[in-house]
Amino acid sequence: MTTIPKIPTFILTRLSTPVQANLFTVQIAALVVTIIVIAAFVLRFDDRPYPGLEIVGKEGKTTMGAKWHFLKAAPSIIYETAKKTLHPYQVIALGGPLIILPADSMEDLRKDERMTFKAFLEKMFFTHYPGFNGFRSVSDSDIMINSIKQGLTQSLVASIVNLDVETAKALQELFPATDEWRETCFDEMGVEIIARLSSRTFLPEPLCYNKQWLEIAAKYTLDFHMGAFSLRMVPPALRPIAYWFIPYTWKLRAQVRLARKLINPYIDARRAEQQKAMKEGRPPQKVSDALQWIDNAAKGENCDVVAALLGYTLAAVHTTSVTLVNCFYELLSHPEYINELREEVITVFKEEGAWTKPSLTKLRLMDSFMKESQRTSPVTLIPINRVAVENFTLPDGTKVPKGATLGLPVTKMKDGTVFENPEEFDGYRFYKMRQQPGNEQKWQFVSTSNEHVSFGHGKHACPGRFFASNEIKIILAHLLTKYEWKLKDGKRPKVVSIGTEFMTNPDSKILYRSRVSEI
Ligand code: HEM
């Protein structure tokens with residue numbers, strides 16, 4: 001029998017103590033939230049299961065009971081069911097019924113436009129409410145996605161130098177030199193490093209170093225998810241009222257206001273310079289940052305650049321930091337790889353003389369280790385999320401109504417018919433697979449496939465993965481050469497699940513001390 005894990009205290013604390021506010025405001029909000037919760041039981045949620053589809057995880061429970069059960073036990077429900085059926089089924093997730101597609105259907109799904117990620121964002125992340133603007137930039141147009149595909153991707157080579165310099169600076173501050181073993185909270189540091197590196201790449205100087213912006217970069221995503229999570233608990237009819245009384249939504253609106261205050265002067269100055277250059281008949285100053293990539297991708301169309309930048313933050317910071325933190329914890333849990341990876345870093349750097357696209361590509365063991373860590377500890381149980389934009393029928397005859405939520409889970413990544421000894425962590429797994437003829441490209445960290453879906457696959461596969469890969473490799477290279485590391489009491493910080501999301505415990509500590517770097 002599968003045991004149901006308890007929701008960890010640090011998550012419950014986070015759910016129950018969202019923001020500081022004065023006592024009176026909190027009392028009013030608490031009163032309104034109580035009324036709304038009572039009304040929630042009286043009013044209907046629009047979460048009747050889809051007809052004609054098996055429901056898993058509800059057995060004898062009320063809808064609320066099933067939601068709570070899924071919140072606590074989603075991984076065991078999904079992995080266990082994957083062993084029993086190759087057909088679609090539904091679960092009762094917090095946001096209502098969710099159709100779980102068979103892991104084998106990736107090939108069809110990757111081309112299917114009858115269900116879209118945009119519609120999913122709109123339905124689950126309330127993109128039309130103020131404060132949730134970040135994902136509106138993705139759900140309402142292709143500008144933000146195109147700006148990444150064109151601007152960020154073309155700037156990858158140039159951005160490596162900044163990533164290298166910024167990592168050195170960040171580590172000096174976050175892990176001050178010490179000869180004694182010292183405790184650190186790597187969860188927190190991971191978010192901070194990724195927020196700094198992303199900001200250095202996406203924003204102009206000195207804005208990228210602005211402390212208030214960096215705080216938004218590090219915190220907007222979590223507050224965004226908590227805000228959406230709170231709003232999903234309210235019946236749809238009450239959401240327009242409840243929205244104004246959920247403390248997380250106050251925080252989100254404040255973050256968007258502050259982001260506008262910080263970023264708008266740069267946008268205005270940029271546009272003024274462009275107009276001046278046009279008048280003077282000279283080309284405008286060349287710049288390469290997200291403000292410009294977004295402006296270029298908009299091609300004169302109206303676009304909320306600040307919202308799109310918040311969209312960059314939402315897409316980039318949490319995903320990359322969780323991937324980095326998991327990868328690092330995996331490394332400390334398998335210390336036999338530390339020296340091998342360090343040796344690889346030193347050898348490649350000495351051969352190439354700097355971190356560049358070719359030298360990062362030569363870090364083959366690191367690439368394999370990162371991909372294996374993503375396979376064993378993914379960021380989410382369901383990386384591919386869709387909402388049906390029309391009524392349609394799946395190949396097995398399942399009828400999907402317009403508006404239905406669908407997801408494809410990561411179960412294939414632990415499937416023994418695809419990956420030998422799938423429960424075992426093998427840092428060399430993809431290194432060896434790439435040595436097989438014809439497979440050199442298929443199993444790189446950034447390669448997507450029907451079997452390894454951490455970045456999605458097909459037309460909508462993550463366009464930021466090339467950047468994320470460079471970031472993580474450079475950070476690991478610095479961490480390995482400048483410091484020694486070990487787990488506290490030999491224990492790997494636990495990964496916990498809340499619904500379909502995985503996270504590490506932010507209270508976990510690891511130990512480090514300085515070493516003399518060879519490079
Ligand atoms: C390790 C870090 C990351 C992981 C694990 C990750 C994962 C994913 C996944 C699973 C998807 C959904 C694919 C689908 O629906 O088919 C996605 C989409 C997306 N990601 Fe990432 N991502 C990461 C980093 C980034 C970064 C750094 C950026 C931007 C700078 C980014 C921007 C996006 C965008 C814009 C989409 C939507 C693409 C579309 O709908 O066409 N991601 N990502």
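Both ligands and their constituent atoms are indexed starting at 1 by order of listing.
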Nearest to [atom], what protein heavy atom do you find, and at what distance?
{"atom": "atom 28 (C) of ligand 1", "answer": "Gly464 CA, 3.5 Å"}
{"atom": "atom 19 (C) of ligand 1", "answer": "Pro463 CD, 3.7 Å"}
{"atom": "atom 23 (C) of ligand 1", "answer": "Thr319 OG1, 3.4 Å"}
{"atom": "atom 27 (C) of ligand 1", "answer": "Ala316 CB, 3.4 Å"}
{"atom": "atom 12 (C) of ligand 1", "answer": "Pro383 O, 3.7 Å"}
{"atom": "atom 4 (C) of ligand 1", "answer": "Phe455 CE2, 3.4 Å"}

> Between Asn439 and Phe430, is any pair of side-chain heavy atoms under 4.5 Å apart?
Replying inline: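 The answer is no; the side chains never approach within 4.5 Å.
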> For His87, does the NE2 atom sit with more than 12 other heavy atoms under 6.0 Å from it, leaving out its own atoms?
Replying inline: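 No.
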Given [options], identify the one with the heavy atom nearest to [atom].
{"atom": "atom 14 (C) of ligand 1", "options": "Arg465, Gln374, His460, Glu471", "result": "His460"}
{"atom": "atom 20 (N) of ligand 1", "options": "Gly407, Ser469, Ala315, Cys462", "result": "Cys462"}
{"atom": "atom 16 (O) of ligand 1", "options": "Arg386, His457, Lys459", "result": "Arg386"}

Looking only at side chains, do [X] and [Y] share a donor and an acceptor under 3.5 Å apart?
{"X": "Asn296", "Y": "Gln292", "value": "yes"}
{"X": "Gln255", "Y": "Asp223", "value": "yes"}
{"X": "Tyr209", "Y": "Arg200", "value": "yes"}

> Salt-bridged, Asp426 to Lys432, with N to O below 4.0 Å?
Replying inline: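 Lys432 and Asp426: salt-bridged.
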> Is Lys414 close enough and on-axis enough to Tyr79, meaning under 6.0 Å and within 45°, for cation-pi?
Replying inline: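 The answer is yes; both the distance and angle limits are met.
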> On the ring face of Phe125, is Arg136 found with NZ or CZ under 6.0 Å from the centre and within 45° of the axis?
Replying inline: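 Judged by the rule (NZ or CZ under 6.0 Å from the ring centre, within 45° of its axis), Arg136 is not positioned above Phe125.
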With heavy atoms under 4.0 Å as the rule, classify the contact between [X] and ligand 1 as side chain, backbone, both or neither.
{"X": "Thr320", "value": "both"}
{"X": "Thr323", "value": "side chain"}
{"X": "Thr380", "value": "neither"}
{"X": "Phe120", "value": "neither"}
{"X": "Ile472", "value": "neither"}

> Do you know which of Asn450, Thr417, Asp104 makes side chain to side chain donor-acceptor pair (under 3.5 Å) with Lys412?
Replying inline: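 That would be Asp104; it is the only one of Asn450, Thr417, Asp104 passing the side chain to side chain donor-acceptor pair (under 3.5 Å) with Lys412.
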> Looking at Ser137 and Gly311, what are the two nearest heavy atoms and their distance?
Replying inline: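 Scanning both residues, the minimum pair turns out to be OG-CA, 3.9 Å.
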Mark up the atoms of ligand 1 that fall under 4.0 Å of a heavy atom belonging to [X], in ascending order.
{"X": "Phe202", "result": "30 (C)"}
{"X": "Phe117", "result": "37 (C), 40 (O)"}
{"X": "Ile148", "result": "29 (C), 32 (C), 35 (C)"}
{"X": "Leu152", "result": "30 (C)"}

>> Could you check whether Phe229 and Tyr248 have their ring centres less than 6.0 Å apart?
In response: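 So the answer is no for these two rings.
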> What about Tyr431 and Phe369, are their ring centers closer than 6.0 Å?
Replying inline: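 No, the ring centres sit 6.0 Å or more apart.
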> Is there a nitrogen or oxygen of Ser454 sitting under 3.5 Å from a nitrogen or oxygen of ligand 1?
Replying inline: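 Ser454 vs ligand 1: no N/O contact under 3.5 Å.
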